[in-house]
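Scope of the values below: all heavy atoms of this structure, side chains included, with no hydrogens, waters or symmetry mates. First listed ligand is number 1; within each ligand, the first listed atom is number 1.
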Amino acid sequence: MKQQDKIRVAVLYGGRSGEHEVSLMSATNVIQHLDRSLFEVVPIGIDKEGAWFLGDDVFKKELTSPKLIQLQRDSNRMLFNPDLIGKVPQHLQPNHLIQQHKNSERIFDVVFPVIHGTLCEDGTVQGLLELADVPYVGCGVLASAVGMDKDISKRLVMNAGIAVPPFMIIHQGRWSQNAEQFCTLITNQLSYPVFVKPANTGSSVGVVKVKCEADLMTAISNAFRYDVKVIVEKGIDAIEIELAVLESERYGEDPLVSVVGEIRPVNHEFYSYAAKYLDENGAELIIPAAISLELQEEARNTAKKIFSVLDCEGMARVDLFIERGTNRIYFNEINSIPGFTQISMYPKLMAASGISYSELLTRLVMLAMARHTRKSKLSRDYIAT
Ligand SMILES: Nc1ncnc2c1ncn2[C@@H]1O[C@H](COP(=O)(O)OP(=O)(O)O)[C@@H](O)[C@H]1O
Ligand SMILES: [Mg+2]
């Protein structure tokens with residue numbers, strides 16, 4: 001394919017969440033493996049303040065470490081800054097790439113958001129891209145927002161007849177007035193251990209396993225550092241499994257659900273931030289999961305149903321628990337932009353199901369383009385019938 005016919009894919013990386021560094025790892029892999037015979041890659045980094053920078057200089061380096069795509073604030077390379085919304089546009093400093101594309105409409109055709117967590121994966125960036133009428137990979141605004149919220153997603157999944165761990169929600173305003181009453185209520189209604197989590201974080205940021213009432217207050221107060229809503233769940237003694245779901249290439253058909261993967265935290269009480277990212281040997285990923293074929297099938301059906309119940313598009317990783325003893329399947333959470341390093345569960349599960357990392361990236365970009373084409377045909381005006 002000729003250079004000018006290639007689809008220009010903007011890979012968004014970094015972001016304003018606590019998972020900024022995780023995103024750098026994922027994006028390093030995505031940038032390296034997008035099929036260059038089909039795509040031109042336009043890396044765009046979002047710094048922790050939310051400004052977007054053209055990151056084409058990443059190609060000058062060998063991408064051996066995510067540190068190499070770490071962002072430097074350089075006003076000459078700035079593409080967008082949410083601070084600008086509502087302000088009179090400033091004159092952009094000349095820059096060779098921006099200059100080069102001055103007369104074309106955009107410097108990319110489609111966006112691949114490889115950013116995780118709050119203000120990234122939660123529908124905010126997706127909303128911005130909708131407003132800008134740009135095709136983007138993955139779930140739309142609604143599914144992204146719902147998927148990020150551990151309270152709302154659980155309520156919808158529960159409504160579809162799928163089990164979720166018993167949980168309670170605490171809003172910050174109420175907590176500050178009634179902290180002790182909440183602790184008593186939790187102790188009476190949920191048995192220990194419980195898991196305390198900010199309702200909208202990922203990568204186990206702010207997640208604490210609490211074994212007795214004495215430790216509850218501190219855990220909840222700490223979770224409120226990350227969110228104004230906190231969820232407290234009954235701990236399930238379970239095998240943790242994860243499934244990768246990919247929208248079908250044929251519009252309207254069932255999505256492809258991967259084989260089942262199992263997570264076994266090693267030397268960690270649960271799959272914490274440390275087990276995920278700080279300790280190289282913090283967890284084992286077992287594919288396929290060491291569970292019966294019947295349970296695998298049940299898990300795959302459950303994941304497919306959850307993808308549809310939460311209105312997902314493109315991709316999602318569905319995380320489930322299988323309770324030891326009862327084999328009951330519980331929904332834990334859904335990730336609309338799962339970890340995307342080559343050793344992350346989502347790409348590994350897809351690979352084990354016959355879709356290579358590069359092929360997966362190609363499919364996701366094509367799905368994004370197809371959805372945009374479909375939606376652009378919808379009428380926004382009243383049509384008399
Ligand atoms: N109700 C629960 N029962 C048992 N373990 C849990 C429960 N909730 C969370 N965990 C443990 O905490 C980890 C992180 O929680 P999770 O809800 O998946 O948050 P995150 O979105 O940050 O990954 C899980 O992978 C699991 O190991
Ligand atoms: Mg999780």
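- Counting atoms of ligand 1 from 1 in the listed order, those under 4.0 Å from a heavy atom of Lys234 are 1 (N), 2 (C), 3 (N).
- Proximity to Thr201 (heavy-atom distance under 4.0 Å) selects the following atoms of ligand 1: 21 (O).
- Around the CD1 atom of Ile343, the shell of radius 6.0 Å holds no more than 12 heavy atoms that belong to other residues, nucleotides or ligands.
- No more than 12 heavy atoms of other residues, nucleotides or ligands sit less than 6.0 Å from atom CD of Glu180.
- Applying the 6.0 Å contact sphere to CZ of Arg324 captures more than 12 heavy atoms from other residues, nucleotides or ligands.
- Pairs engaging residues 262-290 under the ring-ring contact (aromatic ring centres under 6.0 Å, His included) rule: Phe195-Phe270, Tyr273-Tyr277 [sequence neighbours left out].
- Short contacts between ligand 1 and Lys150, defined as distances under 4.0 Å to a heavy atom of the residue, involve ligand atoms 17 (O), 19 (O), 20 (P), 21 (O).
- Checked by distance only, ligand 1 and Pro165 stay at 3.5 Å or farther apart across all their nitrogen or oxygen atoms.
- In this structure, Tyr346 has its ring center closer than 6.0 angstrom to the ring center of Phe340.
- The distance from atom CD1 of Ile322 to atom CD of Glu298, rounded to the nearest 0.5 Å, is 8.0 Å.
- Side chain to side chain, Glu359 and Thr362 fail the donor-acceptor criterion of an N or O pair below 3.5 Å.
- Considering backbone and side-chain atoms together, Asn335 places no N or O closer than 3.5 Å to any N or O of ligand 1.
- Salt bridge Lys48/Glu21: present, at least one basic N to carboxylate O contact under 4.0 Å.
- Heavy-atom proximity to atom 6 (C) of ligand 1, evaluated over Phe167, Phe270, Phe321, Tyr271, is greatest for Phe321.
- Counting only protein N, O or S atoms, 1 lie closer than 2.8 Å to the Mg ion (ligand 2).
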